[in-house]
Amino acid sequence: MDNYGSNDVLFHTGDTFSLSTYSNFFVNGATLNNGKTLPYTITIGSVNQDGSITITITK
């Protein structure tokens, strides 16, 4: 368990995640196991000192 993520690889305020953006990290690329796409984008709104995070999920 010594391989924790560093601040360089974690999500920050304003960053977004979608399967199409990170398709090279998934076996099926930008599709789910059933061949369908995931039509959502997750946006990091704020990351607070207390560890709370605000996210927005859009379709």
Side-chain angles (χ1 to χ4, degrees):
M1 299 296 295
D2 292 330
N3 296 322
Y4 297 109
S6 68
N7 200 36
D8 295 336
V9 298
L10 299 175
F11 287 103
H12 299 280
T13 300
D15 287 348
T16 60
F17 171 86
S18 67
L19 281 180
S20 60
T21 303
Y22 291 91
S23 61
N24 57 324
F25 290 96
F26 298 98
V27 173
N28 295 322
T31 60
L32 301 171
N33 288 344
N34 63 3
K36 295 183 179 183
T37 60
L38 184 67
Y40 299 100
T41 298
I42 300 168
T43 304
I44 308 302
S46 63
V47 180
N48 302 308
Q49 291 293 328
D50 66 0
S52 63
I53 299 171
T54 302
I55 63 169
T56 302
I57 301 171
T58 54
K59 184 172 182 179

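Fair warning: this is a prediction, and the values are worked out from it, not measured in the lab.
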Should the ring pair F17 and Y22 be called parallel, tilted or perpendicular, given that the plane angle runs from 0 to 90° and is split at 30 and 60? parallel
Are the side chains of I42 and T58 in contact, using a 4.5 Å heavy-atom criterion? no
Kindly compute the distance separating CD1 (I53) from CD1 (I44), expressed to the nearest 0.5 Å. 6.0 Å
Heavy-atom pair of closest approach, residues T41 and S18: OG1-CB, 3.9 Å
N48 atom CG: more than 12 heavy-atom contacts under 6.0 Å: yes
I57 and Y40 have their tightest heavy-atom pair at CG2-CD2, 3.8 Å
Consider only side-chain N and O atoms of S20 and S23, and report whether a donor and an acceptor are under 3.5 Å apart. no
If I take atom CG from residue L19 and atom OG1 from residue T31, how far apart are they, to the nearest 0.5 angstrom? 8.0 Å
Polar side chain donor-acceptor pair, T54 to S46, under 3.5 angstrom: yes
One pair to check against side chain to side chain contact (heavy atoms under 4.5 Å, CB included): N33 and N28. What are the steps and the verdict? CA-CA 7 Å; N33 288 344; N28 295 322; 2.8 Å; yes
